[in-house]
Amino acid sequence: MRRAVLILFALSALAPFAIGQRFQAGVTFQYMILKQVSIDADYIIPKESYNFYINKRTGFKLFSAGQSIIIGTSLQYNMKKFYVGIEPTYELNTYNYKLTYPLSATADDEVSFQTLFFQAEAPIYLGYQFKTSNVIRYSIFAGAVPVLPYHLEFDFNESTIADSSPGYDNYWVRDLNGILYSNDPYVNGLVGVGIHFASLLKVDFRFTHRLKSPGPDYNVAFNTAGFALTYYLPFNLLKQKVYYEK
Amino acid sequence: MKSRLLIIWSFLSGCTLLVETDHKYLPDVAEDSAITLQSRLISADATTAIIEGDIMLIDDYYLYNLTYYSKNEFQVQSSDGATVTLQAADIKQFTLPARKFPAILISEAAAYSLLDPMNNRSKAVSKLLEDIGSASVIIGGFAKGGQVADPVELRKFEANTYADQIPFVFGLAKKTGGTNNLFDALNATIDKLKESKLGGDLVVLTDGSDQTSSAGLPQIISNATTNDVRVHVVYLGNSLPGVHAGLASQTNGSFALCPNYQTMITSLAGIDRWSHLNVTGYRVRVQYKKSSGTFAPGQQISVSVKVKDAYNGYEFNPFMITVKLP
């Protein structure tokens, strides 16, 4: 997996040479604001501490479940109405997860874990374009996103009852290791719909779903949705020749 | 070539991934603690007794046995006005009796909401259960007039059910309420252990005095010794609980006096070395001289000993040496 991601990044170095109508190369910026992170279990028993948390399955949340910011390059090869895209990108991926720790018959503590990933990824997808005019085209696309995490941070976000620094005295900051995150590369499924503005710009709405949970003990749903803006470099203009008739 | 290496180095220098660890963490608030493994009477005449206690000093992080304290860091005191003198504090290796069918009782009286507001006891019990490992175990919560069954809510778990035991332990914490009924709970649990016909090691976490039970201390001690049950007591509170120390001492159990939940965590997690029957600790010998009169037959005498770290000033929870005179 790591090798595959490295190869894809190496391919991205070819972007400046992708000159011509069939090839498009550009830069992409993506912002994923709608997330669902949900552990499919009634309670959590961490591996690295003696804590115990009561879990509530959660649905999609806007901003509060976490966000992703993605920047990188985009390579697209057009085959009539179909196109294949590769986007070697870097992602800043954060998510928050709240669990309940039982204190007594009348009180609970809510512990919020915050995870931050830096990850390299390379979405690969196949798209189909619907032409509506010479300027605007619509498309749908689907594919997979190999992801290589390379920097991981985790912290407490807040704790409602602990009277000292949030959570540190009573809980272990790595309690969700192997449950919500791990070092291992993983793959997301990807679907989306896009609007293409000539050969210069694509705006799309995309949805990703993680195909495998980070650890073996708990099934975790990671679903993310957001927008992508891709600007294609106008290399085709370099080839343009203008002839004048005398 | 240099530029390629520079690119790779730049990428890798940003990598920060998890280092896996086998260590499981107790809460950071835990503190080092002292536990009495056994007390014994060496000699006694009409006014003076020589008593001895085997104790463990336990590190809060890895639960190591600490053995770098010298005699002058031990301070002995009596609660009844007797003259007490420390005679020896020697490092020894003790061989604990082989452990038998384990049972764990946890007080769920309402007072625990104040004594242990962050419910650290359930974490410490989890550590103890992990140490017990694959054995079958009985777990119970007790209180009278609360939400647990009266006198004790017991459940027997078969071997290798740690993942089922933990939700039960933490579920008991959601049933705090009522008052302490230690003796009735002990009686019912010892009756349950009778079924094993092997005896048992019963660890109990309790606080305060029992003012509601119909059973009394002599009955509990008789029931326990008859059925070869050792009662190990972790007491959470500030008083010097002679009754509880006597219960542990007379049933050959361990005793930990914890003035706060910080030492309770370490004591409860480390009170019994299920898989380590050879432990290193201190053998402390004390001379107890009555201030007036003579000993009565069957009298219980207790002294408390504190260890104060001369280097950093940390004062361990006091450990008690408690014996019953013939």
Side-chain angles (χ1 to χ4, degrees), chain A residues 2 5-6 9-10 13 41-54 90 100-109 111 115-120 148-154 159 161-165 167-178 181-185 214 217, chain B residues 4 7-8 11-30 108 110-130 143 146-148 162-178 261-262 265 269:
Chain A
R2 288 172 192 269
V5 173
L6 287 172
F9 267 77
D42 294 329
Y43 49 80
I44 308 293
I45 301 175
K47 280 187 172 177
E48 293 189 14
S49 78
Y50 297 98
N51 289 317
F52 172 88
Y53 302 101
I54 298 166
Y90 292 101
T100 301
Y101 180 82
L103 295 179
S104 69
T106 55
D108 288 320
D109 196 11
V111 189
T115 308
L116 181 148
F117 270 119
F118 282 108
Q119 52 199 31
L148 177 67
Y150 66 92
H151 177 84
L152 175 61
E153 292 181 17
F154 35 83
S159 182
I161 291 182
D163 53 1
S164 56
S165 56
Y168 294 105
D169 283 348
N170 297 293
Y171 310 108
W172 177 228
V173 73
R174 285 171 51 139
D175 271 345
L176 295 183
N177 180 27
Y181 48 82
S182 71
N183 292 333
D184 299 334
D217 300 325
Chain B
R4 285 181 190 172
I7 290 169
I8 293 170
F11 182 79
L12 293 177
S13 63
C15 291
T16 314
L17 296 172
L18 284 171
V19 177
E20 297 301 324
T21 173
D22 292 331
H23 182 64
K24 288 183 73 168
Y25 290 83
L26 283 167
D28 273 356
V29 290
E108 299 299 348
Y112 267 91
S113 301
L114 301 173
L115 292 168
D116 180 25
M118 294 307 293
N119 183 24
N120 285 300
R121 62 192 181 282
S122 296
K123 303 175 191 180
V125 168
S126 299
K127 163 67 178 158
L128 186 57
L129 286 167
E130 188 181 66
Q147 298 187 50
V148 292
Y162 178 78
D164 296 329
Q165 295 162 14
I166 302 308
F168 180 72
V169 169
F170 281 85
L172 288 174
K174 288 299 293 174
K175 296 181 177 180
T176 47
Y261 64 83
Q262 289 89 339
I265 298 168

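In what follows, chains are A, B, ... by sequence order, proteins preceding strands, each numbered from 1. Since this is a predicted model, take the numbers as computed values, not measurements.
- The two residues Lys47(A) and Lys24(B) have their closest heavy-atom pair at O-CG, 3.2 Å.
- A donor-acceptor pair is defined here as one N or O able to donate and one able to accept, closer than 3.5 Å; such a pair exists between the side chain of Lys123(B) and the backbone of Asn170(A).
- In this structure, chain A has no heavy atom under 4.5 Å from any part of Tyr261(B).
- Asn119(B) and Pro102(A) make their closest contact through ND2-O, 2.9 Å (heavy atoms, listed as atom of the first residue, atom of the second, distance).
- The line from OH of Tyr53(A) to CZ of Phe170(B) is 9.0 Å long, rounded to the nearest 0.5 Å.
- Only the side chain of Phe154(A) comes within contact range of chain B, with heavy atoms under 4.5 Å apart.
- The closest donor-acceptor contact from the side chain of Tyr25(B) to the backbone of Arg174(A) lies at 3.5 Å or more, if one exists at all.
- The OH atom of Tyr101(A) sits 7.5 Å away from the CE atom of Met118(B) when rounded to the nearest 0.5 Å.
- Only the side chain of Tyr43(A) comes within less than 4.5 Å of a heavy atom of chain B; its backbone N, CA, C and O stay farther away.
- A distance of 14.0 Å separates OH of Tyr50(A) from CG of Asn120(B), quoted to the nearest 0.5 Å.
- Using modelled atom types, one side-chain atom of Lys174(B) and one backbone atom of Ser104(A) make a donor-acceptor pair closer than 3.5 Å.
- Taking CD1 from Ile166(B) and CG from Asn51(A), the interatomic distance works out to 11.0 Å, rounded to the nearest 0.5 Å.
- At a 4.5 Å heavy-atom cutoff, the contact between Glu130(B) and chain A is made by side-chain atoms alone.
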